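Before any comments, here is the structure.
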Amino acid sequence: MAPLALPVTEEQYKELTQLNEEYRGKVSKLGGDHTTACVSFVQNFDQLPITAWSEDPNGEGWETKAKEKRQKVGVTKLNEICHQAYTRVHEILALAKRNNAECEEQKCWDLLADNKWKVEKSMKEAGIKLESKPLLRECDFGEREFTKAALLNEDRGYLGSAGEEPFEKTKDFISLLGTDADRSPASLVEIENRDGELERVIVQDCIRTFAGEDHRQRLEKLLNGCMIEFGNYSQGMAHVAAFLLLTMTEDDVIAILRVINTKIIPGHWKHESDGFGANAYVFQEIVERHHPEFNKYFMDSDRNLLPEMYTRKWFCGLGLHCLNVELVYRFLRNLLKRGFEYLVSFGMAVLVHLKDRIMDTDSCGEIIHILALNNKIGIDKSDQIAILDIADTTDFSSDLGSDEELEKMREELFEKHLKPRLERANMLAKEAADDIDPCESCDSGLPIKWVDEDDDGAPICDECKIKAEAKGHEVTEW
C-alpha cells in the first residue's frame, strides 16, 4: 500500500480517523495541523470513548454503528503518517545538532506544520544554516554506517582507517571533467509524491543504501533533483552519488554525475536503460574482434549468456559492489579521464585475467558471479588489482572510433539486437492489456489492476487506487 504524501488534508484526516465532527475538533486542538492531528489521534486512540465514532449517541443501535466505524480506521496509513512525521522531526533535530543550532522537539513540530512539512523551509524559518560537507567529515558517520550501510559492503575496514586518503583520491576529480563541465549548483528537492513510479524507487534505493535516516534524506533530495534534471533515474545513479557524497559536497557530486550521464554512459541511468543495452552489445562487438572465443562460449545454446546479463555492474554500477572500496577510486578516476572506452578496457581485462576460471565453468549463473568479481567464489583484491593493471595498459579507442562513429555503432547494434525484442515485448504487453477489462468504477478506461477490499472487493484501476487509499481503504493486487 502506497504511503500518503505529507501534509495530510482535512478530507484524508476525516476518512482515516472516522471520527465524528466533535472529536475531530477535539483531537485537532492537540496538534497544529491535520498531519499532527493524525499523530495525536494514534497516540490517544486507546483513551478515546466509543462515542467519538458516533454521529448520534442517543440513536437506536448507535454503539454497534460506532464500533463498525472504528473498525474502518486506516491504521496502516496512520502508522505510516506517524513514521513520516517523526522522521522529519528527528531529521531537523539531527541536522540542528550537527550544525551547532538549538531546536526543541515541539518547535520542530510547529515549524513543520507551518511550512507544509517541508524540512528545508522549516529549517530556514528557524534560522538553522546548513553547512554542506562530505559525509566522512561527520564525527559519528563511521559508528552509524560502516557496518550497516549496504553501500559499504565492500569497504573491508578501509574507510575507518584510511584517514584523509579517500579525500586525496578524489580531490582532482572535478579537474578531470574539463573546463566546459556544467558547474551549476545541485537542486536538492524533497519528494512530494512518494507514490510516483520513479520516486518510489528512489525512496527504496536510499533506504537500501544508508542506515541513517538523515543520510537517506540527504541522498533522496539529491537523487530527486537529478531525476528532475536528467528526466529519468536508475539504481546505478544512487550508488555512484552516495559513494561520491562520502568525500564531496552535492555541488561537486552533481557536476560529476552530469558528465557521466550525458557524455560517458548516456542512456544507462534510465528506468528502461536502452543506452546500457546498446553499449553492452558494443562491448560484445569489440570482444568479437579481439577474443571471439568468449562470445562463442557465452552464446553456446546451453548458456545463451547475453552481454547485458554480465556487464551491468561494470557499465551501470561503475565498479561499486564488485571492487573493494579503495579500488573504486582508481576505477572512477580512469573513467573520468578516458570515458566510455575505459569501461570496455576494464571489461576486457576482466575476461582476460579470469579466462581460465570462465572457461572451466559451465554454469551461466557462476559465470555471471565470476564476471561480477564476487569475492565469495575466491576472487580477491589481488585479482582486482591485476584487472585494473591490465585495463591501464590497454586502449580500444581505435575500435570505438570518433564520437560520431561510436554513436552510429550503438544505433546499428540497437536495431539489430534490441529493437526486435522490444517490439516483441510491447506486442505481448498490448495483447495482455487487451485481455484486461477496463475499470467500471470510473470512466478513465484504464485496466483493472487492484481490488478495493473496503468496498466489497471492487476491482479498480490505478487512478481509483489513489482515491481509495486517500480514504484509508486497504488496496490489494488484482
Side-chain angles (χ1 to χ4, degrees), residues 133-173 205-212 214-216 218-219 235-248 253 256 260 310-336 342-343 345-347 349-354 357-358 361 365-392:
K133 58 185 178 182
L135 293 174
L136 285 178
R137 293 295 187 203
E138 294 181 1
C139 60
D140 60 348
F141 180 83
E143 177 185 345
R144 300 174 62 208
E145 298 286 1
F146 280 167
T147 61
K148 302 171 185 176
L151 173 72
L152 305 177
N153 284 344
E154 304 300 324
D155 176 45
R156 314 204 183 290
Y158 169 71
L159 291 174
S161 59
E164 288 295 303
E165 188 172 287
F167 293 93
E168 289 295 316
K169 289 178 180 291
T170 56
K171 69 179 183 181
D172 64 339
F173 276 16
D205 283 348
C206 292
I207 291 173
R208 286 188 285 261
T209 301
F210 286 125
D214 52 332
H215 300 148
R216 292 171 177 173
R218 183 172 173 182
L219 178 61
Q235 189 179 54
M237 188 193 303
H239 293 160
V240 176
F243 184 79
L244 293 173
L245 276 176
L246 296 176
T247 56
M248 297 180 167
V253 171
I256 293 174
I260 292 175
Y310 62 82
T311 58
R312 185 171 291 276
K313 286 204 174 184
W314 317 332
F315 283 14
C316 292
L318 304 185
L320 284 160
H321 303 302
C322 66
L323 292 172
N324 286 15
V325 162
E326 63 182 297
L327 299 178
V328 173
Y329 294 109
R330 180 177 171 183
F331 180 101
L332 291 176
R333 174 177 286 100
N334 283 322
L335 179 71
L336 294 176
Y342 179 71
L343 293 179
S345 292
F346 179 83
V350 172
L351 297 182
V352 170
H353 179 71
L354 298 173
R357 289 283 300 270
I358 294 167
T361 304
E366 188 170 346
I367 292 175
I368 291 175
H369 282 303
I370 293 171
L371 297 177
L373 310 184
N374 192 323
N375 65 86
K376 293 181 180 178
I377 58 173
I379 299 174
D380 57 21
K381 182 179 176 181
S382 65
D383 290 305
Q384 297 177 17
I385 292 174
I387 289 166
L388 290 167
D389 287 343
I390 294 171
D392 285 349

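Just so we're clear, the structure is a prediction, and the values are computed from it rather than from any experiment. The analysis underlying the following values was restricted to heavy atoms, covering all of them including side chains, and did not include hydrogens, waters or symmetry mates.
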| query | Would Asp205 and Arg216 pass as an ion pair if we require N to O under 4.0 Å? | reply | no

| Does a side-chain heavy-atom distance below 4.5 Å link Arg357 with Ile377? | yes

| Chi angles and distances behind the side chain to side chain contact (heavy atoms under 4.5 Å, CB included) call for Phe243, Leu318 | CA-CA 11 Å; Phe243 184 79; Leu318 304 185; over 6 Å; no

| request: State, yes or no, whether a side-chain contact exists between Arg156 and Glu326 at a heavy-atom distance under 4.5 Å. | output: no

| message | Give me the atom names and distance for the closest heavy-atom approach of Ile387 to Ala349. | response | O-CB, 3.3 Å

| said: Testing the basics here: between Ala211 and Glu145, what is the closest heavy-atom pair and its distance to 0.1 Å? | reply: N-OE1, 2.8 Å

| Do the side-chain N and O atoms of Asn334 and Asp392 include a donor-acceptor pair separated by under 3.5 angstrom? | yes

| message | I want to check something: taking the side chain as every heavy atom from C-beta on, are Leu373 and Asp383 in contact at a cut-off of under 4.5 Å? | response | no

| query | Under 4.5 Å between any side-chain heavy atoms of Pro134 and Leu245, yes or no? | reply | no

| message | In the structure I gave you, are the side-chain heavy atoms of Phe346 and Leu335 within less than 4.5 Å of one another anywhere? | response | no

| request: Using a strict 4.0 Å threshold on nitrogen-to-oxygen distance, state whether Arg330 and Asp389 make a salt bridge. | output: yes

| request: Of all the heavy-atom pairs spanning Ala391 and Tyr342, show the shortest one and how long it is. | output: CB-CE1, 3.9 Å

| field | Non-hydrogen side-chain atoms of Arg218 and Leu135 separated by less than 4.5 Å | value | yes

| task | Report the residue from Leu152, Thr170, Val253 that forms a side chain to side chain contact (heavy atoms under 4.5 Å, CB included) with Leu246. | result | Leu152

| Does the pair Lys169 and Leu332 meet the rule for a side chain to side chain contact (heavy atoms under 4.5 Å, CB included), with working shown? | CA-CA 10 Å; Lys169 289 178 180 291; Leu332 291 176; over 6 Å; no

| message | Tell me the closest heavy-atom pair linking Trp314 and Leu343, and the distance in Å. | response | O-CD2, 3.5 Å

| Criterion side chain to side chain contact (heavy atoms under 4.5 Å, CB included) on Phe210 and Leu151, from CA distance to verdict | CA-CA 7 Å; Phe210 286 125; Leu151 173 72; 3.8 Å; yes

| field | Flag if over 12 foreign heavy atoms under 6.0 Å of NE2, His321 | value | yes

| Non-hydrogen atoms of Leu136 and Thr247 that approach each other most closely | CD1-CG2, 3.9 Å

| message | For a side chain to side chain contact (heavy atoms under 4.5 Å, CB included) check, start with the C-alpha distance between Arg144 and Glu138, then their side-chain angles and the critical distance, and finish with the verdict. | response | CA-CA 10 Å; Arg144 300 174 62 208; Glu138 294 181 1; 4.1 Å; yes

| field | Phe141 and His215 aromatic ring geometry - parallel, tilted or perpendicular at 30°/60° bounds | value | tilted

| Hey, are Glu164 and Arg137 close enough for a salt bridge, meaning a charged N less than 4.0 Å from a carboxylate O? | yes

| said: Do Asn324 and Asn375 make a side-chain contact, defined as non-hydrogen atoms from C-beta onward lying under 4.5 Å apart? | reply: no

| message | Assess whether a salt bridge exists between Lys171 and Glu168, defined as any Lys/Arg side-chain N lying under 4.0 Å from an Asp/Glu carboxylate O. | response | yes

| query | Do the two ring centres, one from Phe173 and one from Tyr329, sit under 6.0 Å apart? | reply | no

| query | How would you list, by chain and number, every residue that makes a salt bridge (charged side-chain N to carboxylate O under 4.0 Å, His left out) with Glu143, sequence neighbours excluded? | reply | none

| Once you round to the nearest 0.5 Å, how far does CG of Leu323 lie from CD of Gln384? | 5.0 Å

| task | Can you measure from NE2 (His239) to SG (Cys316) and round to the nearest 0.5 angstrom? | result | 11.0 Å

| note | In this structure, CZ of Arg312 is separated from CG of Leu371 (nearest 0.5 Å) by 14.5 Å

| pair Asn374-Ile379: side-chain heavy atoms closer than 4.5 Å | no

